[in-house]
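Take this structure first; my questions come after.
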Amino acid sequence: MKDIIAFKFGNQLIDTQSATDEISKNGEAIFFDNSPEALEVIRHSAAHLMAQAIKELYPDAKFFVGPVVEEGFYYDFKTSTKIGEEDLKAIEKKMAQLAKKGYSIEKYTISKDEAVSKFSGDELKQLVLSNIPSDEVSIYRQGEFEDLCRGPHLPNTKYLKFVKLTKIAGAYLGGDENSEMLTRIYGVAFATKEALKEHLHMLEEAEKRDHRKIGNQMGLFFFDDKVGAGLPIWLPAGGRLRAKLESYLFKAHRKRGYQPVRGPELLKSDLWKLSGHYQNYGENIYFTSIDEQEYGIKPMNCLGHIKIFQHSLHSYRDLPLKFFEYGVVHRHEKSGVLHGLFRVREFTQDDAHIFCREDQIKSEVIEVLNFVDTIMKIFDFEYSLEISTRPEKYIGSDEIWETATQSLKEALLENGIQFDIDEGGGAFYGPKIDIKIRDSIGRKWQCGTIQVDFNLPERFDITYIDEENKRVRPVMIHRAILGSFERFIGILTEHYAGEFPFFLAPTQIVIIPIKEGHQPYAQELAKKLVDMEVDVEIYDQNESLNKRIRTAEKSRVPMIVVLGDREVENRTIALRDRRERTKSNITEKEFLELIKEKLDEVEF
RNA sequence: GCCCAUAUAGCUCAGAGGUAGAGCACUUCCUUGGUAAGGAAGAGGUCGGCGGUUCAAGUCCGCCUAUGGGCUCCA
């Protein structure tokens, strides 16, 4: 029988130190294993153990908060010593020593006033205390080490045998950029050695899917410090992949009534001032000057589309009007946040603006959500939705924000769609629904977005003519399905580990003629495939057959066609499947039909 | 932008103050092979950049640039 380390009572985890007789009798026992509840307790105590170790190694260390997070735990602290990655090993070692000592973890309660004087020399703890509303606080003690904490904790440090410190990072005190920077150490802990090993192995495997690594291997894109940080350069293979994605998505938009339009890359600053971008988004915009006039390089495509709307008169009958553009935008992102294709300074959005009547908002939002869902299903993506509400910097009245936010919520609620709320995460001109997808190591990235905007229509005074021949203000819905091609292709790459589905793969078919005499057939076949808009490569290098097959396999190409005497003679092809490594012989005609089928079955 | 780390050949990486290395890729030649590496030879580097310490710096120090992990921000 495994040891009991806590109880679940109602929805709360209560440790053995805090459990009353009633709870230990009636609560659900949490055993020392790898259940989510047990791991929460284990990791919380692991954070304390780490703090204890740090305190012994760096006696002047002061601690802020040490919570359990999705990926494990961390503790924020400060010390006069510089701590680097190398030091993690020493801390881990110290932790192991302390764990072995088998300190029992004790809890006692004191008044907040007592706590304030107890931690009088510790400004970080004072800050933590000032954020605690109750008059009583609990202290956990293991050996010499004491920490202000509400628990839950393990009964003893002896359980903390399988802990790994994973990374060290700086973290602003309270997440505030203007506050001082503390040191943060992340770690994970498990109940068993196997679970820890498995977790670390999983991370290793996930790293192999990293789009930066695969993008490099497959020649999709690169960055060059002579060109500039955050400015991706697309190589031919990446270009082919991207062109296919763009083309499918283009048709998908046309089918849904979107009109292709295009705005200029830079617009006069006066216009950005009118929209509010200058005041609210200015630090992200690159400015330049032409003939002594200031221009801003567009960080968004909305102004161009608004101008297009303004260019002609619109009847209520025309609405909703949908303009779309693969808009290239530049945004000044802080240097520290750039990250492969996931966060860059130049990217292309699959952007559109829907101009509609107020009573059309809900149905339009739902239509966009369906569009998103269709695309995500094609790629087999799991995604989550988040509603982002009014940020600190914003334009427009509170009522307008309330109406806009409400319309988004209603659209989701009425369709029974689950969503989270990101308070203060909205765009400065309106609230939004963000579509988030996880990368290979579980980080969430915003891809698609749907934003309801009453403000820019007002600022630009755009109108349509209603049934009674009156001018009425339309509402704008800003939306992107993939978000940006850069980020989405990054996510796709990790999702498929570079093994893209046939219709997207940069090279879809590799043809391998066994010897020189088979080349004419290979070229003939390749030509037919190119006519079908399939990307083909012929591997006729002076290498052994095995070598060329190996190279093709390694390149993650979906289909390999081998041609030899038999195939030339019978007009057949020998097909090798990438995943199954199976071989099949079919006629050339059957093969071309198969390819056509594969392409036709893809429908955005 | 801030904290910590990293930067050596096209790629992956070794080299811890004393004459720059390996594997893969590339070029040439031999080999014409039926489903995951045939053989040989060759070419390729201002060791990210600038400055400093030293008789001597890829190696030590400083600054800059870029990259990675976080914080913050966002498609």
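The chains referred to below are lettered A, B, ... by the order of the sequence lines, with proteins before strands, and numbering in each begins at 1.
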Exercise for review: Calculate the interatomic distance between A:Gln541 atom CD and B:rU28 atom P; express it in whole Å.
Suggested key: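 Answer to the nearest Å: 12 Å.
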
Practice item. Starting at atom CG of A:Asn570, determine the distance to atom P of B:rG34, rounded to an integer number of angstrom. Key: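 Whole-Å distance recorded here is 17 Å.
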
Check your understanding: A:Ala552 near the nucleic acid: base, sugar-phosphate alone, or nothing, with a heavy-atom cut-off under 4.0 Å?
Key ->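 Counting heavy atoms under 4.0 Å across all strands, no contact is made by A:Ala552.
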
Check your understanding: B:rA25 and B:rA20: how far apart are their P atoms, nearest whole angstrom?
Key ->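 Looking at atom P only, B:rA25 and B:rA20 are 27 Å apart.
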
**Study point:** Length of the line joining A:Gln217:CD and B:rG10:C1', which is rounded to integer Å
**Key:**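 A:Gln217 atom CD is separated from B:rG10 atom C1' by 14 Å.
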
Revision key, fill the gap. Its contact letters, B for base, S for sugar-phosphate only and - for none at protein heavy atoms under 4.0 Å, make nucleotides 63-75 of chain B read ---SSSBBBBBBB

Check your understanding: Using the C1' atom in both, what is the distance from B:rA66 to B:rC50, to the nearest Å?
Key ->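 Between the two C1' atoms, the distance is 15 Å.
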
Exercise for review: Classify the ring geometry between A:Phe371 and A:Tyr258 as parallel (under 30°), tilted (30 to 60°) or perpendicular (over 60°).
Suggested key: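 Ring orientation, 0 to 90° scale: tilted.
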
Review point. Does A:Lys167 use its side chain to pair, donor to acceptor, with the backbone of A:Ile185 at less than 3.5 Å?
Key: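 Absent.
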
Review point. Which part of the nucleic acid, if any, lies within contact of A:Gly564, taking any heavy atom under 4.0 Å across all strands shown: a base, the sugar-phosphate backbone alone, or nothing?
Key: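 Result for A:Gly564 = base.
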
Point to revise | Watson-Crick/G-U partner (both atom distances under 3.5 Å) of B:rG42 | key: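 Base-paired to B:rC26.
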
Point to revise | C1' gap between B:rG51 and B:rG15, integer Å | key: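 It comes out at 25 Å once rounded to the nearest Å.
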
Exercise for review: Sequence neighbours left out, what passes ring pair (Phe, Tyr, Trp, His ring centres under 6.0 Å) with A:Phe355? Give chain and number order.
Suggested key: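 Checked A:Phe355 against ring pair (Phe, Tyr, Trp, His ring centres under 6.0 Å); matches are A:Phe309, A:Phe323.
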
Check your understanding: For A:Arg550 and B:rC24, what is the distance between atoms CZ and P respectively, to the nearest whole Å?
Key ->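 After rounding, the reported distance stands at 10 Å.
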
Check your understanding: Considering every strand shown, what is the Watson-Crick or G-U wobble mate of B:rA7 when both distances are under 3.5 Å?
Key ->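 With both distances under 3.5 Å, B:rA7 matches B:rU65.
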
Point to revise | Whole-Å distance separating the NZ atom of A:Lys554 from the C1' atom of B:rU35 | key: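 Spelled out: NZ on A:Lys554 to C1' on B:rU35 is 16 Å.
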
Check your understanding: Taking A:Ser440 as the fixed residue, which of A:Arg209, A:Glu494, A:Glu205 is the one that meets the side-chain hydrogen bond (donor to acceptor under 3.5 Å, both in side chains) rule?
Key ->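 The residue from A:Arg209, A:Glu494, A:Glu205 that satisfies side-chain hydrogen bond (donor to acceptor under 3.5 Å, both in side chains) with A:Ser440 turns out to be A:Glu494.
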
Exercise for review: Considering just the side-chain nitrogens and oxygens of A:Asn178, establish if one lies under 4.0 Å of OP1 or OP2 belonging to B:rC2.
Suggested key: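 No, because none of the side-chain N or O atoms of A:Asn178 sits under 4.0 Å from OP1 or OP2 of B:rC2.
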
Review point. If you look at every heavy atom in A:Phe428 and A:Pro391, which pair is closest and at what distance?
Key: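 Result for this residue pair: CA-CG, 4.1 Å.
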
Check your understanding: Rounding to a whole Å, what distance do you find between A:Glu553:CD and B:rC24:C1'?
Key ->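 Rounding to the nearest Å, CD of A:Glu553 and C1' of B:rC24 are 18 Å apart.
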
**Study point:** Sugar-phosphate only, base, or nothing, as touched by A:Lys82 at under 4.0 Å among non-hydrogen atoms
**Key:**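 Sugar-phosphate, no base atom in range.
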
Practice item. Indicate yes or no: does A:Asp434 engage A:Lys432 in a salt bridge with an N to O separation below 4.0 Å. Key: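 Yes, charged N to carboxylate O under 4.0 Å.
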
Point to revise | Base partner of B:rC2, which must satisfy Watson-Crick or wobble distances under 3.5 Å | key: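 Looking at the geometry, B:rC2 pairs with B:rG70.
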
Review point. When you check the phosphate oxygens OP1 and OP2 of B:rG38, does a side-chain N or O of A:Ser544 lie under 4.0 Å from one of them?
Key: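 Looking at the OP1 and OP2 atoms of B:rG38, one of them is under 4.0 Å from a side-chain N or O of A:Ser544.
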
Practice item. Nearest whole angstrom, please: distance from the P of B:rC4 to the CG of A:Leu182. Key: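 So the two atoms are 12 Å apart, to the nearest Å.
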
Exercise for review: Considering only atom C1', compute the distance from B:rG45 to B:rC13 and round it to an integer number of Å.
Suggested key: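 Pairwise C1' distance, B:rG45 against B:rC13, rounds to 15 Å.
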
**Study point:** P spacing across the pair B:rC30 / B:rU8, given as an integer number of angstrom
**Key:**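 About 37 Å, rounded to a whole number of Å.
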
Point to revise | Residues in ring pair (Phe, Tyr, Trp, His ring centres under 6.0 Å) contact with A:Tyr58, at least two apart in sequence or another chain | key: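 Scan of A:Tyr58 (ring pair (Phe, Tyr, Trp, His ring centres under 6.0 Å), adjacent residues dropped) gives none.
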
Exercise for review: Could you give the distance separating B:rC11 and B:rG70 at their C1' atoms, to the nearest angstrom?
Suggested key: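 It works out to 28 Å between them.
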
Exercise for review: Using atom CG of A:Leu220 as one end and atom P of B:rG10 as the other, report the distance to the nearest whole Å.
Suggested key: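 So the CG-P distance, A:Leu220 to B:rG10, works out to 20 Å.
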
Exercise for review: Once you apply the 3.5 Å cut-off to both distances, tell me the Watson-Crick or G-U wobble partner of B:rU35, or none.
Suggested key: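 Across any shown strand, B:rU35 pairs with none.
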
Point to revise | From B:rU35, B:rA25, B:rC30, nucleotide with atom closest to A:Asn542 side chain | key: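 Per side-chain heavy atoms of A:Asn542, the pick is B:rC30.
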
**Study point:** Separation between the P atoms of B:rG21 and B:rC47, rounded to whole Å
**Key:**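 Looking at atom P only, B:rG21 and B:rC47 are 13 Å apart.
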
Exercise for review: Quick one: look up who B:rG18 pairs with, Watson-Crick or G-U, both distances under 3.5 Å, and put none if it's unpaired.
Suggested key: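 Its partner is B:rC55.
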
Exercise for review: Take A:Phe488 and A:Phe347 through the ring pair (Phe, Tyr, Trp, His ring centres under 6.0 Å) test and state the conclusion after the steps.
Suggested key: CA-CA 11 Å; A:Phe488 194 77; A:Phe347 55 100; over 10 Å; no

Exercise for review: Determine the interatomic distance between C1' on B:rA9 and the same-named atom on B:rC63; round to the nearest Å.
Suggested key: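 After rounding to an integer number of Å, I get 27 Å for this pair.
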
Practice item. Measure the spacing between OH of A:Tyr75 and CE of A:Met50 and express it to the nearest 0.5 Å. Key: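 If I round to the nearest 0.5 Å, the distance is 8.5 Å.
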
Practice item. Classify the nucleic acid contact of A:Glu543 as base, sugar-phosphate or nothing, counting any heavy atom under 4.0 Å across all strands shown. Key: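 Base, at least one base heavy atom under 4.0 Å.
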
Check your understanding: How would you label the contact of A:Ile83 with the nucleic acid (heavy atoms, under 4.0 Å): base, sugar-phosphate, or nothing?
Key ->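 Sugar-phosphate contact only - A:Ile83 comes under 4.0 Å of backbone atoms but never of a base.
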
Check your understanding: Hey, does A:Glu567 reach any base, or is it just sugar-phosphate, or nothing, if we go heavy atoms under 4.0 Å?
Key ->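 Base, at least one base heavy atom under 4.0 Å.
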
